[in-house]
Number of protein chains: 2
Amino acid sequence: MQPAPPPPRAPLALRDRPAVTLRQVAERAGVSMITVSRAINTPHQVSERTRVRVQEAVSSMGYVPNLIAGGLRSARSHVVTALVPTLTGPLFGEMVQALTDALELRGFQVMLGQVGYAHSREDELLRAIVGRRPDGIVVTGIMHSPEGRRMLMASGIPVVETWDFTDTPIDMLVGLRHEELGAAVCEHLFAKGQRRLALLSGGDERAARRARGFEAAAVRLGLHKPAVRLGKSPTTHADGREGLAALLADAPDIDAVFCSSDMLALGVLTEARVRGIDVPGQLAVVGFGDIDFAQTVSPSLSTVRIDGTRMGQTAAHLIADRAEGKAVEEPVVDIGFSIIERESA
Amino acid sequence: MQPAPPPPRAPLALRDRPAVTLRQVAERAGVSMITVSRAINTPHQVSERTRVRVQEAVSSMGYVPNLIAGGLRSARSHVVTALVPTLTGPLFGEMVQALTDALELRGFQVMLGQVGYAHSREDELLRAIVGRRPDGIVVTGIMHSPEGRRMLMASGIPVVETWDFTDTPIDMLVGLRHEELGAAVCEHLFAKGQRRLALLSGGDERAARRARGFEAAAVRLGLHKPAVRLGKSPTTHADGREGLAALLADAPDIDAVFCSSDMLALGVLTEARVRGIDVPGQLAVVGFGDIDFAQTVSPSLSTVRIDGTRMGQTAAHLIADRAEGKAVEEPVVDIGFSIIERESA
DNA sequence: CTGAAAGCGCTTACAG
DNA sequence: CTGAAAGCGCTTACAG
């Protein structure tokens, strides 16, 4: 976080006026600071008359309590930090929304830190986050960097890893096994009669895992080794169009494509249509994510759905229970996945 | 899918001890607390020998400075909070990424707070954010609630409003005039020869503003009052399909649709194709956002692009300059927009 | 180059 | 129901 050049300090006077403090409110209300604190945080511990006096002072002075200071003393920040790889994708939105809503009900505020798919600055960001002592940390994906894992473990902060699965979680985990998912999609296509499979995948780790499961299942089923085209994440519609073109150039006889995202799959649908390839008649297409348009494009898109709402809610309760010192019975949850069958496969 | 039984948990030997403090590091290194602080934050103020000793203590003990405590004393949190309406849309991703990158270079970390399109809990969230005393706040859109405006102004925290325009900003602003944008799209369609215009719009405020500009321009140009269909935000692909169907039911002779998002426009393209309506021959379509697929769908989508990167970078420097006490010459910036002409219009 | 004291704005832990 | 004192973990402001 803090880079080399010593930051030029802002003269405090430049801020319009320093914020109103608890002490000033207490003076105005004619009570002690601790009484103001109670009137705000635990009003039932204070007499009606006092509460009203304090309330008047608070609103007339526009007092907004400094939660940082309170958190420092009480060692409870009421903040949970969620690390998300990107804001561009719709995939994590549902989970983050559910996480936010569920934690809000339990008195926590969610702050988001953006990681990007690159792992380069992850440790640095992590240091900045751990340094702010949140009451919990939700990680998208599995934390791999040994330095990062050590820092999180040593911090004593409750951690939930999500969206993936490992036998060695840092602390708690709500995710799914992407190899199994890849295998299940392969079996689904096989059951539908497809025999020359192909794979179009972004470069992130979970997509790679799905790809591995898909390929292994194809071998088990006695099929040809799938034609594979790998790109990078996040995946785009253009990647989907180019990807199908490249696959067809190499392997013109493919009859099914499993795409690592719905956007990629949408690109494949577009390219197929432009080329006059019938979906699913000549080519079956499966996406991943079940986002927005999957149900209403034409042909509608068969895809794999992860229950982001359940994942977010589960993560929220794990974090909140741990932060409140409650016992967590089931710290590792596999939420699975479901294949949504529509027109495209 | 049946989840497999969870594996045994990793041992958490390191967890549950209170975090290492500056005092402990100082004892280990045999120097005072302030010297440790300097060795970490302003190493040039400390002798080589001391710096090495401190560095060894820091890494052997896994010390992560408590930035909250430091921030309390120094009145500089090095955090900028950005309020975004939703994570589901790709629209804000580019801006937030640019904001994050630019602020990181200047020593600030960006934390995101999710507002949702509903304004109901906005004040509550704002209180939680102002209470954490960030060094800056970036708001998506214009803040309207009088309570919220008062709180932000009284806080003395630098504020940048974005994505919209007003003559009464709270503090600073980087945005654009959505009425002008709507009018420009109307004029573009007129110039292309379209005469029976229609409008398909989500319910958020900026979309409504674009709609107003669009309708006003149609009147100025002597056209029929556009057929209008309003929905809610965020808009979906399904809304686009249903929207076009509804517009055609009411006004079968329309020859152009301006959609308040690219996703809506994609739904319109799908519905038109299914109905055998030629785009742009029988129906011109314009989106908003220039996201991912706009360039590569078929027909490619004419749309309106906002330079999110420039908006994010500009906001970053406004915030950082203000936080560092530098003078801000141009606190209100209109970044404009551009109409991207492709096949659909 | 180094350090002892004070203080940031709250809450905790006692005490009445 | 109310309050005086101590302290959370740092940095500031002095002083040497």
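All values reported here derive from a predicted model rather than from experimental measurement. Every chain is numbered from 1, with letters handed out A, B, ... down the list of sequences.
The nearest whole Å value for the distance from the CZ atom in R133(A) to the P atom in dC8(D) is 14 Å. The distance between atom CZ of R132(A) and atom C1' of dG9(D), rounded to the nearest whole Å, is 15 Å. The CG atom of L72(B) sits 12 Å away from the P atom of dC10(D) (whole-angstrom rounding). A straight line from CG of N66(A) to P of dG7(C) spans 18 Å, rounded to a whole angstrom. dC10(C) atom C1' lies 12 Å from atom NE2 of H78(A), rounded to whole Å.
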Applying salt bridge (Lys or Arg N to Asp or Glu O under 4.0 Å), run through E124(B) and R127(B) and close with a yes or a no.
-> CA-CA 5 Å; E124(B) 205 176 333; R127(B) 177 169 297 271; over 6 Å; no

Check the pair R206(B) / F165(B) against side chain to side chain contact (heavy atoms under 4.5 Å, CB included), numbers first and verdict last.
-> CA-CA 10 Å; R206(B) 287 174 292 281; F165(B) 214 91; over 6 Å; no

What's the verdict on side chain to side chain donor-acceptor pair (under 3.5 Å) for H317(A) and R106(A), showing C-alpha distance, side-chain angles and the deciding distance?
-> CA-CA 9 Å; H317(A) 293 305; R106(A) 297 191 61 172; 3.0 Å; yes

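In this structure, W163(B) and F92(B) have perpendicular ring planes: the angle between them is above 60°, well past the 30° mark.
Contact between the side-chain N/O atoms of Y63(B) and the OP1/OP2 oxygens of dC10(D) is found at a separation under 4.0 Å.
Applying the side chain to side chain contact (heavy atoms under 4.5 Å, CB included) criterion to R73(B), with sequence neighbours excluded, gives no partner residue.
Nearest heavy-atom pair, A82(A) versus L99(A), reported as atom, atom and distance to 0.1 Å: CB-CD2, 4.0 Å.
Screening V160(A), V159(A), V332(A), V333(A) against M172(A) for a side-chain contact (heavy atoms from CB on, under 4.5 Å) leaves a single residue, V160(A). Each of V139(A), I142(A), T162(A) was checked for a side-chain contact (heavy atoms from CB on, under 4.5 Å) with L173(A), and the lone residue meeting it is I142(A).
Using Watson-Crick or G-U wobble geometry with both donor-acceptor distances under 3.5 Å, dA13(C) finds no partner in any strand shown.
Taking every heavy atom of residues 20-36 of chain B and every atom of DNA chain D, pairs under 4.0 Å involve T21(B), L22(B), M33(B), I34(B), by number. Residues from residues 38-61 of chain A placing a heavy atom under 4.0 Å of any atom in DNA chain D, listed by number, are R38(A), H44(A), Q45(A), V46(A), S47(A), T50(A).
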